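Everything below concerns the one structure shown next.
Just so you know, these numbers come straight off a predicted model, no measurement behind them. By convention in this document, chain letters (A, B, ...) are assigned in the order of the sequence lines, proteins followed by strands, and residues within each chain are numbered from 1.
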There are 2 protein chains.
Amino acid sequence: MTRTTIKDVSDAAGVSIKTVSRVLNKEKYVSEDTRLRVEAAVARLNYHPSLAARTLAGRRSFQIGLIHDNPNPYYIYNMQAGVGARCREAGFRMIVQPCDINSPALIDDIGSLIDQAQLDGIILTPPVADAAPALEELERRRIPFVRVQPGTDLTATSSSFIDNVQAADDMTAHLIALGHRRIGLVMGHANYVASGQRLTGYRQALQRAGIGFDPALVQAGQFDLQSGSAAAEALLALERPPTAIFASSDEMAAGVLATAHRRGIAVPGQLSVAGFDDTDLAQVVWPPLTTIRQPIHALGYAAADLLLAFDERVERRRLDHELIVRASTAPPGGA
Amino acid sequence: MTRTTIKDVSDAAGVSIKTVSRVLNKEKYVSEDTRLRVEAAVARLNYHPSLAARTLAGRRSFQIGLIHDNPNPYYIYNMQAGVGARCREAGFRMIVQPCDINSPALIDDIGSLIDQAQLDGIILTPPVADAAPALEELERRRIPFVRVQPGTDLTATSSSFIDNVQAADDMTAHLIALGHRRIGLVMGHANYVASGQRLTGYRQALQRAGIGFDPALVQAGQFDLQSGSAAAEALLALERPPTAIFASSDEMAAGVLATAHRRGIAVPGQLSVAGFDDTDLAQVVWPPLTTIRQPIHALGYAAADLLLAFDERVERRRLDHELIVRASTAPPGGA
DNA sequence: TTGTAAGCGTTATCAC
DNA sequence: GTGATAACGCTTACAA
């Protein structure tokens with residue numbers, strides 16, 4: 001019941017331990033012949049190197065961390081899938097760690113994770129991507145990190161993001177083109193910079209169309225169903241209610257639809273509903289809905305891709321490019 | 001920029017390395033006095049032991065694996081949260097690994113994960129919990145593992161589960177008590193043993209009430225929205241449609257409700273809808289719904305709890321008890 | 001192109 | 001109660 005080690009492989013292949021290590025790490029200067037012999041031995045013995053030993057001896061741990069503070073299962077699931085996919089390709093492991101950006105223990109939590117696991121890099125998703133204490137701690141430790149959908153200091157670090165302003169502008173313009181003049185907006189959680197960006201896009205499109213901005217048409221929300229419902233109640237109770245409501249997430253869009261349903265308002269017909277499709281949720285339940293799709297999986301994959309590029313050039317602290325995954329407007333399904 | 005090691009701590013505390021190690025591992029035979037001195041030094045230096053070194057030198061890696069093959073974000077999210085919570089309490093790390101139970105590479109994938117990370121144990125969620133090749137591989141390697149909601153060989157290994165038969169029986173009986181005689185059932189994905197168990201409970205309740213079983217009232221489903229919608233279409237198109245529909249997941253229940261809505265059928269009123277509440281989804285969107293709540297978080301927490309108990313008794317291969325998290329019937333919200 | 005030797009930071013073993 | 005010292009399985013020098 002003892003473990004298969006690199007020694008077993010080197011014996012089987014008739015070479016030294018170091019040569020096996022060379023093959024494992026794809027180093028240069030290994031003859032084609034010995035490389036094949038080693039690989040054969042590895043496969044025959046079903047050898048898998050100990051990550052603990054590699055980490056202890058080497059400079060890399062082949063592990064990166066994914067830090068989040070997000071209660072949305074769909075978001076987390078897709079983000080993990082995207083980051084995980086890129087990690088698997090590169091032979092890395094992803095360590096997922098939830099956190100609380102408002103906790104004083106935040107930087108301790110992240111720091112001890114890095115220390116204990118000797119992480120090679122970190123991916124921060126919103127709202128952690130804009131948590132100043134966390135960013136400072138990572139800078140101090142000089143550990144490579146990539147932010148997903150950051151709202152501040154966009155050029156300070158590598159990051160992957162979609163253009164929220166443009167996306168919200170597109171959708172608002174779409175609703176205007178359908179003839180709407182009073183368009184309600186349900187904003188996202190205040191912790192997320194995306195919420196403000198979406199408001200900006202909304203206002204931008206209104207202004208371009210010469211439609212005055214009415215603060216009464218903008219309601220606060222927290223990205224979840226309940227706040228979407230509540231916001232719709234408020235909007236529909238206005239003296240001059242909107243003819244269209246644009247929700248900053250699909251969960252809130254579902255909440256808007258539930259409220260409309262409850263009040264006997266026909267959708268579409270009496271009310272148009274649009275939303276950001278963060279989670280594939282609303283679109284499936286309620287076909288008469290127009291959405292802007294946010295490619296979360298792609299955002300995660302791209303973030304991991306940026307991060308793992310550090311591997312090749314350990315000296316560099318930052319990459320000199322950013323990757324932008326653009327939002328795509330879904331084909332207008334309803335109105 | 002060099003790492004803080006156990007040596008630094010022992011110097012600071014004026015004791016030997018071994019003594020620091022003793023404190024870290026909560027071993028006996030350390031005087032209260034030196035223990036406090038060591039703990040103070042640890043805190044002062046902000047020391048975090050290297051997991052790689054502990055794993056390499058010791059018998060434990062302080063890591064367990066969570067293996068799943070489940071496309072449901074809510075399920076995975078809550079399961080991870082439950083398992084992760086127990087791990088954190090115990091100072092363990094959770095490694096999440098998706099897999100494909102139909103792939104021939106399944107046991108290789110799991111095996112290499114165990115080898116590379118030196119996992120101390122494994123948690124299998126459905127449907128992996130019943131994947132024979134995986135179970136055999138784990139048995140062969142003699143690694144502790146716990147199954148969540150297993151369908152076969154319930155007593156063969158430790159596991160956490162709810163009583164699906166009883167839960168489905170309860171719900172069906174509830175619908176019967178409301179006066180329903182024709183109750184449709186939308187079954188879950190065929191890969192999951194829970195699906196069959198729920199059918200059993202449904203039939204059991206019907207029989208007890210002296211209601212004949214009508215196969216036409218049972219529709220296949222895959223736990224997702226679309227299949228719920230489709231199943232409802234089929235049921236409502238029957239010559240004698242059901243007056244109540246019981247869906248084996250809440251996503252399917254939402255699909256049923258969407259179909260009813262589309263067809264202009266009032267819920268409740270013309271149709272009662274009930275479902276298993278796996279994800280909190282349907283209940284929030286559609287209040288007029290009765291659900292059986294499946295405590296996924298608790299199932300994960302319980303599984304991790306069982307698994308980590310091995311830590312105390314390394315010699316044992318199996319625990320001699322099972323933990324059952326019973327399903328609880330939610331207060332009848334609608335009808 | 002290949003091999004030798006010295007760690008990496010902890011735990012296990014066995015003394016004191 | 002406490003402390004030396006040898007592993008653990010690999011990578012990093014540095015030779016050959």
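Nearest-nucleotide positions on DNA chain D for B:S31 and B:G58 put B:S31 closer to the 5' end. Residue-to-nucleotide proximity on DNA chain C shows that, of B:K18 and B:L56, the 5′-proximal contact is made by B:L56.
One can place CZ of A:R37 at 11 Å from C1' of C:dT2, the figure rounded to the nearest angstrom. Summarising the geometry, the separation between CZ on B:R60 and P on C:dT11 is reported as 9 Å, rounded to the nearest angstrom. Computed from coordinates, the B:H48 NE2 to C:dT10 P distance equals 12 Å when rounded to whole Å. Atom pair B:D8:CG and C:dG9:P shows a separation of 9 Å (rounding to whole Å applied). In this structure, CZ of B:R35 is placed 16 Å from C1' of D:dT2, rounded to the nearest angstrom. Here C:dG3 presents its C1' atom at 13 Å from CD of A:E27, a figure rounded to the nearest Å. Between A:Q116 atom CD and C:dT10 atom P the separation is 11 Å, expressed in whole Å. Rounding to whole angstrom units, CG of residue A:L51 and C1' of D:dC8 are separated by 15 Å.
Here B:I17 lies in heavy-atom contact (under 4.0 Å) with a base. Within 4.0 Å (heavy atoms only), B:T34 reaches sugar-phosphate atoms of the nucleic acid but no base atom.
A sub-4.0 Å separation between OP1 or OP2 of C:dA12 and a side-chain N or O of B:R22 is absent. For A:S21, a side-chain nitrogen or oxygen approaches OP1 or OP2 of D:dT11 to under 4.0 Å. Within the structure, a side-chain polar atom (N or O) of B:S16 is placed less than 4.0 Å from OP1 or OP2 of D:dG3. Note on B:Y29: every side-chain N or O is 4.0 Å or more away from OP1 and OP2 of D:dG3.
To the nearest 0.5 Å, the span separating CG on A:L56 from CG on A:L51 amounts to 12.0 Å.
Ranking C:dT11, D:dG3, D:dT11 by closeness to the A:A57 side chain, first place goes to D:dT11.
One finds a salt bridge joining A:D305 and A:R86 here, because a Lys/Arg side-chain nitrogen approaches an Asp/Glu carboxylate oxygen to under 4.0 Å.
Using a 4.5 Å cut-off on side-chain heavy atoms (C-beta onward), B:V9 and B:R44 make no contact. In this structure, the side chains of A:D8 and A:Y47 stay at 4.5 Å or more apart for every pair of heavy atoms.
Checked by atom type and distance alone, the side chain of B:R37 pairs as donor or acceptor with a backbone atom of B:A13 at under 3.5 Å.
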